[in-house]
There are 2 protein chains.
Amino acid sequence: MDGRVDGRAKRATLQTVADEVGVSRTTVSNAYGRPDQLNKALRERIFEAARRLGYPGPDATARSLRRGRAGAIGLVFTETLSYAFADPYSVGFLRGVAEVAEESGTGLLLIPMPPGSGDPETAVRNAVVDGFCLYCVPGGHPAKELIRARGLPLVTTDETDDPSIPYVGIDERGSARMAAEHIVRLGHRRVAVMVDHVSGPGTTGPATLDEQRASDCADLRGRLAGYRDALDEVGVAWESVRVVAAGRNSRTAAASQSAHILDVAERPTAVLAIGDVLALGVLDACEQRGLVPGRDISVVGFDDVPEAERARLTTVRQPMGEKGRMAGRLVLEPPREEKVPRIKLPTELVVRTTTGPAPR
Amino acid sequence: MDGRVDGRAKRATLQTVADEVGVSRTTVSNAYGRPDQLNKALRERIFEAARRLGYPGPDATARSLRRGRAGAIGLVFTETLSYAFADPYSVGFLRGVAEVAEESGTGLLLIPMPPGSGDPETAVRNAVVDGFCLYCVPGGHPAKELIRARGLPLVTTDETDDPSIPYVGIDERGSARMAAEHIVRLGHRRVAVMVDHVSGPGTTGPATLDEQRASDCADLRGRLAGYRDALDEVGVAWESVRVVAAGRNSRTAAASQSAHILDVAERPTAVLAIGDVLALGVLDACEQRGLVPGRDISVVGFDDVPEAERARLTTVRQPMGEKGRMAGRLVLEPPREEKVPRIKLPTELVVRTTTGPAPR
DNA sequence: CACCGTTTCTGTATCGATTAAGTCTGTATC
DNA sequence: GATACAGACTTAATCGATACAGAAACGGTG
């Protein structure tokens, strides 16, 4: 009998070490956390005893509790991990967050909540973090309320969200408009759009207007609206624009769903893709069909991921890394002011060779 | 004065709610964690009070401490985040870990420790996790000892490491040998090898034998040894094999460093790349030079990432996802047996079109 | 010697929760 | 009418550490 109420295995703790050396718990704690608070020789003796007893150093959880700091920020996203990382854009964003996190000795806790997975609540509730970054979490997601309820600093990158949540992103609509205006100026009038998915993931092929409006992703809606703005201006009816869903944000999916765009009568002369990964897929499909981008057909992406440059893809550049850094900073040091920050970072149209004058 | 010794802002806690409702702390705790332990009506009253007081539910850190479970596993790697995610192989591995983690309601704490970054110790020490997965952490890394010292379950994916650490991986040497044997059977005798980096990251260009041997990455050494095995067998001296470092594991870096292979007198007829990403870069370089893979030159990769199929790349397939799942499981449920698990997963040569008979 | 500023440790309160074991209260069983 | 028993809570003991106010010891000073 060791008299403890729960049957845990006994482990060395601060107290164990303190007893061994014959000092107070506090002193042992200081030996680890504030070397200046005690005599150097004593510190050595403490370490030596710790080694002998197999004491692994202050327990991270206990330390977190006492200090009131978890030392990590939670990254919540509704995609599968592989998804989230398959897209270089996401990676860029993550990297940004990681950079600022690292500067302050903070870790990143990944909290994926793909649609099908059970009980996202628990994950959020048990996450030992100092704040959350929401990333691709649609407005009505059940976990969202829970996250807010935890009362920790919170930043989202999804546009037109609850205005009480700090936001960092870009002008989705305006940026998309830039892309479409470019196309329009080149004389294109028969235009198609490639998206990842409008309603649930997995839905592929042409999407109706209703479906477009019903999309739970504000960013997507913003971009579509931007395209529409530009097309409206030159009198192209949005109803005539075929919006095709790849089903998921992947190059191969986009390539295969490109059939709905490329293999139809009255083939569009330009394709607007809401992400570079999709645009690259469209380019693959063009290549298979012997269509030369920039001559036979124009393709515009969005994001400007590294691979876009290799493919000479015309696209909208958004500062993904900066977005991540910004978001990270906002979580780590929430501004004290009353008004909720809503930051829009600048974007830029990068014209390469996949766009050209509309063929007659 | 609120009489508290440290000046923290007061927040609602279990006790606050308990007092408000007039029950014990335990009961409130049960309301959240064990609904069957109390009356349904009382439970509602508790929640109602919690809402009124703005109590966000049990504190994750405190819960972790008391329960003795952090609810996360730490993922330690020595690359930059962007690095780690840029490679589809890594992503596959991560995904595997994430899958099993998710099944048990566990999060993933990313702990990147790129060479230049300061104080990896703190990150490891403060990580609130139940175990660690080491990923690309070379043998002598300073953090390694620290991680072990924490006494938590630990799994590594780096070969020929300390035999006391559970390991899951593949037969690097044998697998590489398969790749090289394939090339050899096709009649190739002038062979080059493309690696990411031998000594520190950033070192590019041809690597000397000494540098190869000095590499801190056991996996790399294993693969090189495998290539060598096959070449030795047909009398190709390893000294005659040019080993070129791309500097980092990226497609563009590999493409540009391919000059050291493709633009030399007596150009090799086959290139063995220790990873698909590098192989793809080599293919890019070939394309630029008008060399047709499989005819003018043969290229073999390693990993079989999704993109390899698109590129019709001959490569060695390794079960990245399975590796991750395995590693995750080993951390989550460390086997009780005495002997340290050392698991080698099977690999397979996938022959596609980037390899062909040696040109005469 | 009284007074002072340091350096080095100790004591106590606290962080916010979970849990095994105990206390009551009624109800069912024999 | 005594005993067992389930239901609904409460008690008390932790989990493992850190913060802060003090206290003892010490050398230097006028």
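Just so it is clear: chains get the letters A, B, ... in the order the sequence lines come, proteins before strands, and each one is counted from 1. Keep in mind it's a predicted model, so treat the numbers as computed, not measured.
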B:Arg34 near the nucleic acid: base, sugar-phosphate alone, or nothing, with a heavy-atom cut-off under 4.0 Å?
sugar-phosphate
Could you give the CG-to-P distance, from A:Asn126 to C:dA17, as a whole number of Å?
13 Å
Taking atom C1' of C:dT18 as reference, at what distance in whole Å does atom CG of B:Leu65 sit?
10 Å
note: A:Arg67, atom CZ; D:dC20, atom C1'; distance rounded to Å ~ 15 Å
For A:Leu53 and D:dG16, give me the distance from atom CG to atom P, rounded to whole Å.
15 Å
May I ask you to say whether A:Glu48 pairs ionically with A:Arg52, meaning some side-chain N is under 4.0 Å from a carboxylate O?
yes
Looking at D:dT10, I'd like to know if its phosphate oxygens (OP1 or OP2) sit under 4.0 Å from a side-chain N or O belonging to B:Thr26.
no
Can you check nucleotides 7-9 of chain D for protein contacts, nitrogen or oxygen pairs under 3.5 Å, and list what you find?
residue : atom : partner : partner atom : Å
D:dC9   : OP2  : B:Asn39 : N            : 2.9

Could you tell me which residues satisfy ring-ring contact (aromatic ring centres under 6.0 Å, His included) with B:Phe132, sequence neighbours excluded, listed by chain and number?
none
Parallel, tilted or perpendicular: ring planes of A:Phe93 versus A:Tyr135, cut at 30 and 60 degrees
parallel
Would you write the dot-bracket representation of DNA chain C, where each base gets (, ), [, ], | or . depending on whether it forms a Watson-Crick or G-U pair under 3.5 Å and with which partner?
||||||||||||||||||||||||||||||
Under 4.0 Å between a side-chain N/O of A:Arg63 and OP1 or OP2 of C:dC15, yes or no?
no
Roughly, in whole Å, what's the span from CZ in B:Arg25 to C1' in D:dT14?
11 Å
Whole angstroms only, please: what is the CZ-P distance between A:Arg69 and D:dG16?
22 Å
Using a 3.5 Å distance criterion without hydrogens, assess whether the side chain of A:Arg43 forms a donor-acceptor pair with backbone atoms of A:Ala31.
yes
Between A:Glu99 and A:Arg95, does any side-chain N to carboxylate O distance fall below 4.0 Å?
yes
If I take atom CZ in residue A:Arg45 and atom P in nucleotide C:dC9, what distance separates them, rounded to the nearest angstrom?
9 Å
Could you tell me which non-hydrogen atom of B:Gly328 sits nearest to which non-hydrogen atom of B:Val97, and how far apart they are?
CA-CG1, 4.4 Å
Side-chain donor-acceptor contact under 3.5 Å, A:Thr61 with B:Arg63:
no
Quick one: does A:Thr61 reach the base of D:dG16 with a side-chain donor-acceptor pair under 3.5 Å?
no
Could you state the atom-to-atom distance from CD of B:Gln15 to C1' of C:dC15 in whole Å?
13 Å
Nearest heavy-atom contact between A:Val100 and A:Leu332 is O-CD2, 3.9 Å
Report yes or no: is there a donor-acceptor pair, N or O only, under 3.5 Å between the side chain of B:Arg66 and the base of D:dT14?
yes
Any chance the side chains of A:Thr27 and A:Ser24 put a donor and an acceptor closer than 3.5 Å?
yes
Does OP1 or OP2 of C:dA17 have a side-chain N or O of B:Tyr55 closer than 4.0 Å?
yes
